[in-house]
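Written out below as structure tokens is the structure these notes cover.
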Amino acid sequence: MLELRNVYTSFNKGTVDEMNLFKDFNLKINKGEFVSIIGSNGSGKTTLLNLICGTYNLDSGAVFFDGKDITKVKEYKRAKHIGRVFQDPKKGTCSNLTILENFALADNKQKRYSLTNAISKKRIDYYRQIISECNMGLEDRMNVKVGTLSGGQRQALALVIAAMTDIDLLILDEHTAALDPNSSETIMLLTDKVVKEKDLTAIMVTHNIRHASTFGNRLLMMNSGEIIMDKSGKEKENTSINDILTVFNEISIEVGN
Amino acid sequence: MNFLSACEVFLSQGFVYSLIALGYYISFHILDFPDLTVEGTFLSGAVAYGLICVNGINPFLGILLAFVVGAIFGALTGFLNVKLKIRPLLCGILVSTMLISINLVATSVGLIGDLTASGETSIPYGRDVITLHSSKVFSFIPARLREFGNIGLRDLVIFFVFALLCKILLDLYLKTKNGLLLRATGNNSQFVKMLSCDPGKSKIIGLAIGNGLAAISGALYTEINGNVNQGMGIGMIVIGLASLIIGISLFKKVKFMKDTTKVILGAIVYQACLTLAQKLGVPSAYNKLIMAVLFTIALLLSGRFKIKGGSKNAGA
């Protein structure tokens with residue numbers, strides 16, 4: 001469903017700091033895959049997500065989504081079929097709007113933002129029901145400004161509203177990294193549940209190797225803009241955390257981390 | 001009766017200027033866009049309204065035209081920023097500069113059909129000109145109250161009605177899907193992108209509304225002035241922003257009051273302070289100095305703007 005073909009990207013082009021990250025990079029992700037991506041800092045994980053979402057443009061190559069070439073399609077237009085949760089819990093929600101208002105906005109995704117009433121009373125119970133599945137008590141605080149919630153609560157909300165409409169692809173950009181260990185676990189379990197329930201294709205970048213190994217059905221390890229490990233299905237299940245760590249340590253020593 | 005006439009002055013000016021402040025509520029408070037276009041669009045609104053009135057056309061149509069003209073140039077500022085990636089402050093400077101010429105030419109063409117704009121620069125409201133004040137709609141209200149210091153009741157009511165009307169319409173708009181999206185745009189444009197919407201579009205709409213309101217303010221102000229002159233727009237940025245910030249910070253703790261109400265009250269409080277200074281015998285030459293000092297105090301009172309607006313403006 002998603003394919004990157006012969007992708008080249010560089011940073012600081014034309015300066016002494018020019019760095020070519022992706023050189024003839026290729027990746028194909030099939031429908032229904034839950035891909036975990038690990039790799040050291042600077043290996044290109046987040047850049048990859050930004051290329052998929054259209055936040056960055058690529059130097060050459062192409063991105064295909066459901067068979068269509070979306071290389072030139074703007075970020076906000078691609079977002080129609082993509083949901084994204086960021087590392088920073090502040091990015092996935094609107095802090096000065098209430099939980100209810102955040103829901104109402106997200107609920108209207110893929111439709112026109114017209115001059116009709118934003119909040120539909122009929123939908124409130126539905127919002128409360130889906131947020132109650134996070135077990136955070138947020139269903140009783142629908143009229144509270146999101147800015148007053150904790151990082152974990154905001155991230156739960158961001159995840160729920162990102163996956164609320166009929167999207168094809170869920171992008172998780174180190175979405176548990178800024179949370180405490182407990183919240184991190186809660187959000188990870190919630191993520192797994194959402195992906196399975198909605199039967200989503202998902203790409204998750206993480207620094208938590210245990211999460212990468214436990215969740216999802218495909219595992220990628222990246223180093224300097226290249227995929228150095230790609231295991232899916234049974235092969236992934238048979239790969240232990242220690243196997244992953246061994247490879248990870250090798251590349252870390254190579255790049256001097 | 002001196003007191004009553006002083007009240008009349010600050011109330012009527014407060015209501016008129018509250019429209020600029022409501023405009024800034026959208027562009028500055030919600031979208032965090034320091035919009036300098038207002039000086040130009042305030043005058044454009046006045047010119048549009050003045051020309052409609054002196055040509056004997058319905059003054060209500062004049063108000064509508066003022067809004068449309070203001071909105072067009074506000075949208076132009078937004079377009080320069082969003083599509084051409086020019087910094088907010090510069091966009092405002094560019095559009096308000098071009099408006100100096102446009103307003104002058106429009107005045108000249110509207111009055112005597114002279115495209116070179118070498119003659120007429122002001123639009124006087126003669127006795128026979130039908131403005132809001134002399135229109136049939138408001139004729140049931142006594143023009144002046146002789147028993148109460150001869151205050152101009154009718155104008156006061158007109159200004160109040162328009163301030164209230166704009167406030168209500170704005171409140172309704174902000175509750176719509178489009179309005180909610182606008183609020184989200186100012187808060188988190190990445191979030192808006194993930195909703196598959198163009199945050200630039202919301203920004204342009206917001207600036208159009210903001211400048212449309214400033215233009216209505218300019219149109220109404222000509223009723224106080226009795227004419228349209230090309231210097232009317234000067235100082236409107238400070239008046240609008242100060243009113244907004246005073247209103248929002250002074251009534252920060254008042255939960256039951258809507259922000260738009262606070263903004264209108266802020267405009268009145270600001271004008272009351274200026275009137276008070278005048279009554280205390282401060283010569284009018286000091287007016288702008290007092291305005292700027294009051295604005296500074298308002299900024300200090302509201303920590304939010306000191307940090308947020310301050311650092312942003314310094315960067316732009």
Side-chain angles (χ1 to χ4, degrees), chain A residues 50 53-55 73-98 100-120 143 145-147 154 157-159 161-167 169-171 173, chain B residues 25-26 28-33 71 82-83 85 168-206 208-209 212 248 252-253 255-256 258-260 262 302-305 307-309:
Chain A
N50 284 331
C53 291
T55 320
V73 177
K74 282 194 176 130
E75 183 181 11
Y76 78 88
K77 285 190 176 152
R78 291 188 199 185
K80 193 167 180 186
H81 304 287
I82 300 177
R84 188 172 186 181
V85 186
F86 299 86
Q87 177 177 4
D88 183 357
K90 289 188 188 75
K91 272 191 173 176
T93 46
C94 257
S95 60
N96 67 354
L97 302 184
T98 64
L100 183 58
E101 286 168 333
N102 272 276
F103 263 113
L105 275 176
D107 198 15
N108 199 56
K109 182 171 167 174
Q110 301 167 345
K111 284 181 244 153
R112 269 191 65 221
Y113 286 81
S114 60
L115 289 176
T116 49
N117 228 335
I119 292 166
S120 152
N143 290 313
K145 290 237 164 96
V146 169
R154 279 188 81 159
L157 179 64
L159 179 66
I161 63 178
M164 194 171 156
T165 37
D166 185 26
I167 52 166
L169 178 65
L170 182 64
I171 301 276
D173 186 359
Chain B
Y25 176 69
I26 300 278
F28 189 71
H29 188 82
I30 294 183
L31 290 177
D32 205 13
F33 190 103
V82 171
K83 301 288 178 199
K85 315 274 180 223
I168 292 171
L169 286 175
L170 208 54
D171 284 340
L172 287 175
Y173 170 69
L174 289 173
K175 277 191 192 152
T176 65
K177 287 173 181 151
N178 203 281
L180 202 56
L181 194 69
L182 186 88
R183 288 168 63 199
T185 304
N187 188 226
N188 184 351
S189 61
Q190 183 66 49
F191 180 72
V192 174
K193 278 187 195 162
M194 291 321 292
L195 293 176
S196 198
C197 294
D198 183 3
K201 201 172 127 194
S202 286
K203 213 179 205 179
I204 292 174
I205 293 176
I209 297 175
I248 297 285
K252 204 187 321 185
K253 296 261 153 66
K255 287 268 186 289
F256 62 87
K258 283 216 167 78
D259 276 358
T260 45
K262 295 178 188 176
S302 65
R304 185 187 114 79
F305 283 97
I307 300 158
K308 203 179 166 195

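In what follows, chains carry the letters A, B, and so on, assigned in the order in which the sequence lines appear, proteins first and then strands, with residues in each chain numbered from 1.
- For chain B, the option among A:I82, A:N102, A:T93 with the highest count of heavy-atom pairs below 4.5 Å is A:T93.
- Judged by distance alone, the side chain of A:K109 and the main-chain N or O of B:M194 form a donor-acceptor pair under 3.5 Å.
- Nearest heavy atom pair, residue B:L180 against residue A:A104, reads CD2-CB, 4.4 Å.
- Contact annotation for A:N108: only side-chain heavy atoms (C-beta onward) come within less than 4.5 Å of a heavy atom of chain B.
- Remark: A:F86 CZ to B:N188 CG distance equals 8.0 Å, nearest 0.5 Å.
- Proximity to chain B involves both the backbone and the side chain of A:K80, based on heavy atoms less than 4.5 angstrom apart.
- For B:K262, the NZ atom counts as densely surrounded, since its 6.0 Å shell holds more than 12 non-hydrogen atoms of other residues, nucleotides or ligands.
- Residues meeting the salt bridge (charged side-chain N to carboxylate O under 4.0 Å, His left out) test with A:D166, sequence neighbours left out: none.
- In this structure a side-chain-to-backbone donor-acceptor pair under 3.5 Å is missing from B:D198 to A:Y76.
- Among A:A106, A:C94, A:G147, A:A162, the residue with the largest count of heavy-atom pairs under 4.5 Å with chain B is A:C94.
- Each of A:L105, A:I161, A:T165 has some count of heavy-atom pairs under 4.5 Å with chain B, and the biggest count is that of A:L105.
- Distance check, rounded to the nearest 0.5 Å: NZ of B:K177 to NZ of A:K111 gives 6.5 Å.
- B:A184 and A:L97 get closest at one heavy-atom pair: CB-CD1, 4.2 Å.
- We find the CZ-SG distance between A:R112 and B:C197 to be 11.0 Å, quoted to the nearest 0.5 Å.
- A donor-acceptor pair under 3.5 Å is absent between the side-chain atoms of B:N178 and the main chain of A:L115, judged by distance alone.
- Summarising the geometry, atom NZ belonging to B:K193 is positioned 9.5 Å from atom NZ belonging to A:K91; distances are rounded to the nearest 0.5 Å.
- Between chain B and the residues A:S95, A:C53, A:G83, A:A158, the most heavy-atom pairs under 4.5 angstrom are made by A:S95.
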